[in-house]
Amino acid sequence: MSEDDSNMEEYPTEIHDYLTAFENSLGSVGEMLKTMLSVSRSELLQKLDPLEQAKLDLVSAYTLNSMFWVYLATQGINPKEHPVKQELERIRTYMNKVKEITDKKKASRLDKGAASRFVKNALWEPNAENEHTSKSMEGKKGKKLQ
């Protein structure tokens, strides 16, 4: 019997599945960190516009604080009672502000002149030609009735 088999007997298989998934996630985080750290921060920021730089900084800060949250939980400390909770909320507030800015940039702009012309042309306005035509039609109707 191998060491893995003896460990399997100590806890339910559902927990083993969760632990395996957790281990795989940690491996993925490690790979992402290696990728991020392979490029210098200043080099990376030069390639981005200010809004993208803000997004990168916010995601980095949020990720770091989230990992600290998990660390606290593994140490038996309630992260909800730790200042890290307020920090995560502060970062989320800034993330929402950046999202609003991004949404405003994506929103279509209204061409007021074009909209005004469209509405003006769509509305019926009586003019001299239409009035003349309608009066002559009334005269013809009146003659037929008599």
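Quantities reported herein were computed from a predicted structural model and do not represent experimental measurements.
- Atom CG of N121 sits about 9.0 Å away from atom CZ of R117, to the nearest 0.5 Å.
- Under the salt bridge (charged side-chain N to carboxylate O under 4.0 Å, His left out) criterion, E81 pairs with no residue at all, not counting sequence neighbours.
- Side-chain contact between R90 and E87 is present, with at least one heavy-atom pair separated by less than 4.5 Å.
- Between M67 and V29, the shortest heavy-atom contact is CE-CG1, 4.0 Å.
- Proximity of a side-chain donor or acceptor of S38 to a complementary backbone N or O of T35 within less than 3.5 Å is detected.
- Considering every non-hydrogen atom in both E43 and S40, the closest pair reads CB-OG, 3.0 Å.
- A continuous path of hydrophobic side-chain contacts links L58 to I101 [ILVMFWY only; heavy atoms under 4.5 Å].
- Under the 4.5 Å side-chain criterion, counting only non-hydrogen atoms from C-beta, M36 is in contact with L56.
- Taking K97 as the reference, nothing meets the salt bridge (charged side-chain N to carboxylate O under 4.0 Å, His left out) condition, with sequence neighbours excluded.
- Put simply, the side chain of L48 does not reach to within 4.5 Å of the side chain of K55, judged on heavy atoms.
- If you chain together hydrophobic residues whose side chains sit under 4.5 Å apart, L51 and I91 fall into the same group.
- Residues in residues 59-70 take part in these side chain to side chain donor-acceptor pair (under 3.5 Å) pairs, two or more places apart or across chains: Y62-R92.
- Across all their heavy atoms, K85 and K80 have their closest contact at CD-O, 3.5 Å.
- The local environment of CD in Q75 is crowded, with over 12 non-hydrogen atoms from other residues, nucleotides or ligands closer than 6.0 Å.
- The closest side-chain heavy-atom distance from V98 to Y94 is not below 4.5 Å.
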